[in-house]
Amino acid sequence: MEIIYLLIPLSLILLGVAVWGFFWAVKSGQFDDLDSPGLNILDDELSDRKDPSDKGRP
Amino acid sequence: MPTPLDLIDDRICFHCLESTPKFSRIYAQVDGQQHAMCCYGCKAAAEYIDGQSLSDFYVHREQSGPNRFFASVAGKGDSTAIKNQWDYLDNESSSTDYMWADQRGRRCIDLSVSGLYCSSCSWLIEKALSQISSAIEVRVQLDAKRVSVMIDQQNGAVAMSRVLQVISSLGYTPTPLSIQKKHHGLETQRLLENQQSIKRILVAGLGMMQVMTYAVGLYLGELQGMETEQHRFLTLVSMLVATVVVFYSGKPFFINALNDLSNRHFGMDVPIAFAIAGAYFPSVYDALLGTGQNIYFDSAVMFIFFLLIGRYLEMRARHRLSDAPDALMRLLPSRINIQRFSGSELITHNIKPYEVQVADQLVLNAGSVVPFDANIVGGEANMDESLLTGEVNPVKKSAGGSLLAGSKIVSGVLSVEASCTWNESSIVKIETLLNQGNAQQSSRQSGLQRFSQVFVLTVLLLTGVVGIFWWAYDSSRVFEIVLAMLIASCPCAFALAIPVGATAASNALRKQGVLLANSDILRKLSSITAWCFDKTGTLTKGEMALEHVVPLSSLSEIECVDIAAALESGSRHSLARAFINIETSLMANDVIETAGNGVEGVVNGKHYCLGKRSWVLKQIDLQENITLPDFDAHCSEMLLASNNDVLALIFVSDQLRTGTKEAVSFLKARGKQLSILSGDTPLAVQTMAESLAIENALGGMLPEQKMQHIACDQAAKKMVAMVGDGLNDAPVMGQADVSIALASGSELTQSQADVILINGGLGKLVSLHYIAQLSNKITKQNLSWALAYNVIVLPLAALGYLSPWMAALGMSSSSLLVVLNALRIRTKVQS
């Protein structure tokens, strides 16, 4: 089981990368509004049903 | 397509969910269907939304949820002034206070937007702006009511003023935030607090998963046997990860505990800090110098993670609404063009309202808000001072008179001169009153807090005693038992019970259209004995509307209303405003308005008069042997007559809001003392009080007087609740024990209130009572369970039957139980 001497430090490095990524996301304000992105998902579904020429109207 | 002769009563406006006025026939087409609208503001917003293919907004928003918009396209004529008011943002020099460039070279601005209540509102804004141009990026923060807009310069020149125009067309009111305010504002603080908490939870969560994995290895190793080196390796790695979690994520607990101890206050954080330290430091000692068999890193980390989640919920419940200073500034325009004497010359300056100097000159047109206290130099106008005094009827002002900042010109033009500097103005006085009111809120230690202090102290002493006992009896188990006791005694579920109940109640109330800013009031509501109401805008809708029509000839009600609406369409008089939302196809020519009496004109070739009955009868020269219905003290009446005949009596009044009677009878049935405190004339207040059967009715009250009245009641040991809406109610909100504001009123008042009623009905007070009752019951259940758990588990730990990991597991499940119980609030409300 000596492999854990390699795998665990590796996973820790991966963890460090994950934490760095999360911190970057928090700093760029992605966690500031957790409510409306949920609606955006539904929106894509509905606009597919609509006439595509409708999009991009001024 | 509904026929033009429809007479429809009491429908709900499709856009803002308020009830439509009687006789109103305003419709807007959304998604191919006609929907009723309550006013032209809503109609314009709905048509804009439909025109931009954003009608999904109406599908997604919560059905009975908060959606009152502050439609700024108010009435048929104010739009040009509104459209141009942000042009200064397109100018390099005048926009530097608000806009900046980020690292990507984009022009950025932060806006404070009022009327944002639910997530579909933020969706709407994001979609509408992204449809203008792909160069625009929008970020909406609902809780802080803030919208950040970033425009990419290369991809096309989109004017920032256009962005604000669009937001306002949707029915919201955007205000640019100055850069300095951004860095010091409460909203930024809250944002940072939110971000910090999330970061800590992330680290704790990830760390917890790692340490638990290593712990599984270690436990299995104890069962199956493991090489000492590998055992040591896992132990050290656990320690490494746990160290990061304890000192980063756990830091707030330690700091709070130290603060508490230095203040000799035994808050919840003290045993928590003891437990974390008690799990961590001895484990470090054991890992480095001892056998490595007695490590509790997994408990420590798991502990921190669950506690952080509880704290986060609590923080979110606290962060509900924006702060006062922004709301105060939003009353006034951001910038004004004044003329100032320099020597003997008049030079135009573009300044912010608070930079005003005495004798600065300004010309104000209809629809503008007076930005500073001023003396009138020339002109004549009708002023709407309702936000300040609560009076619905416009007040006539002319040369020689004075104006207060915040009043609005209904009609006419005024040339004014600033009478004092900002610091001496009435707005600052209101701010001072606000602060006074807030200071009245004593931070009494609730019974609960005192109890928890005693609890904590007892537990620590008990742990110490038991520890000593075990030291004497069997010292090998001392550490394990003391740790188990500390963890078992930890009032985690106890600390979670209240915020979780408050959050569940807030969510349930939100769906009913009631926003809870301060969850303390759930507890206080049942002990309120006196209820005070403002009159205009609170008990009533705040605007003149058609009450009913008594036809006196062969013409139908609708035909009479049509003619009357045509005659009054150009008038800005308060009674004429009752017709403002009636869509009529008739046009009136040769309209002559006789001030104080009425209006006359020609419609479809016939001459009509509309106004005071004595004047109308004289105008048409009819004999007095016509019997007319009696005067109605509650309404203003207008007589409509043609040259030959009296046609109808039209009654107009400031109607009660839907739900007012319901709320009043509900409160009376519970034996509460009711009063009306209003700035309106005593006679009007008395009339209203009689119609609602309220004994106490006081009129002509200034904000200070309202505050005094409430303070007197409070001195007589009564708990007082205040319901208001105007700016003159804002300081009173702080004085009352429970304060409730209406979303349709002054924003400043809302920011001071504990509760905001979104859908414009006082009937929601009934829901508020029921939900508060329910949430109190469930919170009590949770608190008793949490306490019972601690009481059962402590002796078990003391006697050595509980190992630390079992204690930690028990604590987590007990917390989970508390959360699940709180969810019952939601299901019970739905039924």
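Every chain is numbered from 1 and lettered A, B, ... according to where its sequence line falls, protein lines coming before strand lines.
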Straight-line distance of [X] [atom1] to [Y] [atom2], nearest 0.5 Å:
{"X": "Phe23(A)", "Y": "Leu202(B)", "atom1": "CZ", "atom2": "CG", "result": "7.0 Å"}
{"X": "Ile3(A)", "Y": "Gln230(B)", "atom1": "CD1", "atom2": "CD", "result": "11.0 Å"}
{"X": "Glu229(B)", "Y": "Glu2(A)", "atom1": "CD", "atom2": "CD", "result": "8.5 Å"}
{"X": "Ser28(A)", "Y": "Arg139(B)", "atom1": "OG", "atom2": "CZ", "result": "6.0 Å"}

Q | chain A contact via Val244(B) - which portion, at a heavy-atom distance below 4.5 Å | A |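 The answer is neither part of Val244(B).
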Which heavy atom of [X] sits nearest a heavy atom of [Y], and at what distance?
{"X": "Leu12(A)", "Y": "Tyr214(B)", "value": "CD2-OH, 3.6 Å"}
{"X": "Leu15(A)", "Y": "Gln210(B)", "value": "CD2-CG, 3.6 Å"}
{"X": "Phe233(B)", "Y": "Ile4(A)", "value": "CE2-O, 3.6 Å"}

Q) Do Phe22(A) and Ile198(B) come within less than 4.5 Å of each other through their side chains, counting heavy atoms only? A)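 No, their side chains stay 4.5 Å or more apart.
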